[in-house]
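All figures in this text were calculated on a predicted structure; none of them were measured in a lab.
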Amino acid sequence: MGNEKQYQLNPHCQELLHQYEEHIPIFQRMETVACDAIEKALKDYGLYVNAIEHRIKRPNSLAGKLQLKGQKYHTLSDLTDLFGLRIITFYTDDVDKVAAIAKQVFDVDWKESIDKRKAHNLTSFGYNSLHYICRLPKTLVDDPSMPDLNEFRFELQMRTALQHVWSTIEHDIGYKGEVKMSSEYMRQFSRLAGTLELIDDEFSRLRTTMNDYRRKVQQLVNDGQLDEVALTTESFRSFLKLNPFDRLNRRIAAVNQAEIYPTSLMSFLPVLLRFRLETLGDLQHFIEENSEDAYQYALAQLAITDLDILSESIGLQSLCIVCALKKGNGRETIKHLFDVLYGASENNWSIADLVISQAAKLPFMRQ
């Protein structure tokens with residue numbers, strides 16, 4: 001009743017508002033079903049998005065809308081934004097992927113849906129969403145006690161994170177496309193909108209380029225053309241899929257019949273780069289040249305223990321220690337190794353000294 005007095009609604013709009021308030025439990029159920037369904041579908045397709053937002057229109061918000069343009073709506077079903085769902089993607093091309101998934105999950109009213117991305121207004125970047133008007137199909141939910149679940153429509157917006165941020169900023173500073181603004185401000189909005197649209201497109205293009213690069217690196221690694229692949233985070237990750245340290249690890253584990261438990265080796269990359277390894281070919285040579293000495297070093301360490309569980313990093317760590325000792329700058333490099341792997345600490349100097357002392361009698365140290 002307070003909403004009616006505040007907004008001075010005519011009898012028809014008052015009736016629409018009363019109907020909506022009575023139907024709010026239905027829209028709440030729609031919200032739960034729709035959100036759960038689209039979240040599951042996105043997960044099933046392996047599509048990661050920035051955010052999923054949803055809301056049910058507040059009665060006072062609906063009252064304000066009815067006061068302005070209530071004559072447009074003959075029945076409550078004519079209102080398509082009483083429940084709204086928004087999916088925010090990281091990349092422009094993901095908007096179409098989300099749309100393809102959404103039309104499998106929901107029934108889309110194509111006559112009412114609109115692709116605002118096709119607009120070419122220079123200041124419309126933040127509103128370039130893809131809008132679907134949807135219903136919940138009975139294959140998704142069929143509740144005889146709530147037949148309107150499949151009748152009421154809702155709005156699904158799909159846009160990128162940059163479009164969403166731009167739209168929020170525009171709203172915050174009070175800009176509306178229909179408001180007359182000075183040419184100076186219009187130029188500023190146009191310039192910013194164009195820049196953000198360009199950035200949006202470039203992020204998608206960069207992702208495509210990076211994916212092509214990853215595929216190329218993986219193919220070169222699979223083909224054994226390691227000298228042609230620079231040692232980077234991506235190439236090292238691809239190289240690790242070949243289990244290059246597996247043979248050394250199994251030899252070391254056999255000393256105590258130990259079990260090897262998996263762990264990430266990506267943290268070793270800064271140490272390998274410190275050894276001036278520039279390509280995966282260099283890394284492969286590094287393994288081949290130091291494996292026997294790394295085995296002898298690990299053997300000496302394990303001979304005085306009864307460890308029966310070893311980390312998968314044992315082989316690579318031994319390789320790094322041996323290489324550091326051979327190059328003659330062992331103390332500093334070994335300290336750096338332990339700083340990288342276990343956290344910077346002055347105590348790592350003492351560990352480095354102990355490692356050097358224990359390795360002093362090994363054959364490769366006397367060469």
Side-chain angles (χ1 to χ4, degrees), residues 3 16-17 19-66 73 76-92 94-110 112-117 125-143 145-172 200:
N3 290 325
L16 290 179
L17 183 58
Q19 290 179 16
Y20 175 62
E21 291 173 335
E22 292 174 354
H23 283 80
I24 283 179
I26 293 177
F27 288 101
Q28 291 173 334
R29 177 80 181 280
M30 286 175 63
E31 181 180 37
T32 299
V33 172
C35 292
D36 288 349
I38 196 66
E39 286 179 6
K40 181 180 184 303
L42 293 173
K43 183 178 180 180
D44 289 345
Y45 279 92
L47 186 58
Y48 179 63
V49 298
N50 177 258
I52 298 176
E53 299 179 348
H54 47 89
R55 64 101 184 98
I56 296 175
K57 188 177 286 292
R58 296 188 302 273
N60 65 334
S61 177
L62 175 58
K65 181 173 183 174
L66 291 173
Y73 309 111
L76 194 63
S77 297
D78 292 333
L79 289 150
T80 59
D81 65 343
L82 299 176
F83 160 52
L85 180 62
R86 179 183 293 131
I87 301 176
I88 303 169
T89 71
F90 288 103
Y91 304 98
T92 54
D94 280 349
V95 172
D96 290 312
K97 295 176 184 177
V98 170
I101 294 171
K103 68 183 181 181
Q104 295 182 38
V105 176
F106 307 124
D107 287 338
V108 180
D109 184 342
W110 297 110
E112 297 294 330
S113 300
I114 183 172
D115 190 349
K116 294 188 176 182
R117 300 173 300 173
F125 173 71
Y127 301 98
N128 287 349
S129 304
L130 177 57
H131 289 202
Y132 280 177
I133 302 302
C134 306
R135 288 186 177 91
L136 299 178
K138 289 192 174 182
T139 54
L140 190 61
V141 59
D142 187 6
D143 186 347
S145 67
M146 285 187 172
D148 288 337
L149 274 175
N150 307 108
E151 297 301 323
F152 284 120
R153 294 173 293 174
F154 64 92
E155 183 176 274
L156 169 62
Q157 294 182 6
M158 294 156 280
R159 60 168 56 150
T160 67
L162 282 180
Q163 289 170 346
H164 184 60
V165 169
W166 171 255
S167 176
T168 303
I169 291 174
E170 279 188 320
H171 184 271
D172 181 63
D200 228 356

I'd like to know if the side chain of Gln163 reaches the main chain of Thr160, judged simply by a donor and an acceptor atom lying under 3.5 Å from each other, with no hydrogens or angles considered.
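Yes; judged by distance alone, with no hydrogens or angles, the pair exists.
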Taking Ser113 for the side chain and Asp109 for the main chain, is one N or O donor matched with an acceptor at less than 3.5 Å?
yes
Quick one: closest heavy-atom pair of [X] and [Y], and the distance?
X: Ala34; Y: Phe106; result: O-CZ, 3.7 Å
X: Glu21; Y: Pro59; result: OE2-CB, 3.8 Å
X: Leu76; Y: His23; result: CD2-ND1, 4.1 Å
X: Thr89; Y: Tyr91; result: OG1-O, 2.9 Å

Are Phe27 and Tyr20, when compared by the centres of their aromatic rings, separated by less than 6.0 Å?
yes
Answer yes if the ring centres of Phe83 and Phe152 are under 6.0 angstrom apart, and no otherwise.
no
Nearest 0.5 angstrom please: [X] [atom1] to [Y] [atom2], how far?
X: Asp200; Y: Arg159; atom1: CG; atom2: CZ; result: 11.5 Å
X: Asn150; Y: Thr139; atom1: CG; atom2: OG1; result: 9.0 Å
X: Leu62; Y: Tyr73; atom1: CG; atom2: OH; result: 9.0 Å
X: Ser61; Y: Ile56; atom1: OG; atom2: CD1; result: 12.5 Å
X: Ile24; Y: Arg58; atom1: CD1; atom2: CZ; result: 11.5 Å
X: Met146; Y: Glu151; atom1: CE; atom2: CD; result: 14.5 Å

Hey, are the side chains of [X] and [Y] touching, using non-hydrogen atoms and a 4.5 Å cut-off?
X: Leu42; Y: Glu39; answer: no
X: Leu140; Y: Val105; answer: yes
X: Leu66; Y: Leu17; answer: yes
X: Leu156; Y: Arg86; answer: no
X: Arg29; Y: Leu149; answer: yes
X: Thr80; Y: Glu112; answer: no
X: Arg55; Y: Asp81; answer: yes
X: Ile87; Y: Ile38; answer: yes

Please determine whether side-chain contact (heavy atoms from CB on, under 4.5 Å) holds for the pair Lys65 and Leu79, giving the CA-CA distance in whole Å, both sets of side-chain angles, and the decisive distance to 0.1 Å.
CA-CA 10 Å; Lys65 181 173 183 174; Leu79 289 150; 4.2 Å; yes
Are side-chain N/O atoms of Gln157 and Glu155 paired as donor and acceptor at under 3.5 Å?
yes
Salt bridge (charged side-chain N to carboxylate O under 4.0 Å, His left out) between Asp44 and Lys40: does it pass, once the steps are laid out?
CA-CA 6 Å; Asp44 289 345; Lys40 181 180 184 303; 2.8 Å; yes
By salt bridge (Lys or Arg N to Asp or Glu O under 4.0 Å), which residues pair with Arg135, not counting sequence neighbours?
none
Reference residue Arg153; test side-chain contact (heavy atoms from CB on, under 4.5 Å); the match among Asp107, Ile133, Leu82, Leu136:
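Testing Arg153 for a side-chain contact (heavy atoms from CB on, under 4.5 Å) against Asp107, Ile133, Leu82, Leu136 leaves exactly one candidate, Ile133.
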Can you pull out every ring-ring contact (aromatic ring centres under 6.0 Å, His included) where at least one residue sits in residues 29-64? Sequence neighbours excluded, please.
Tyr48-Phe90
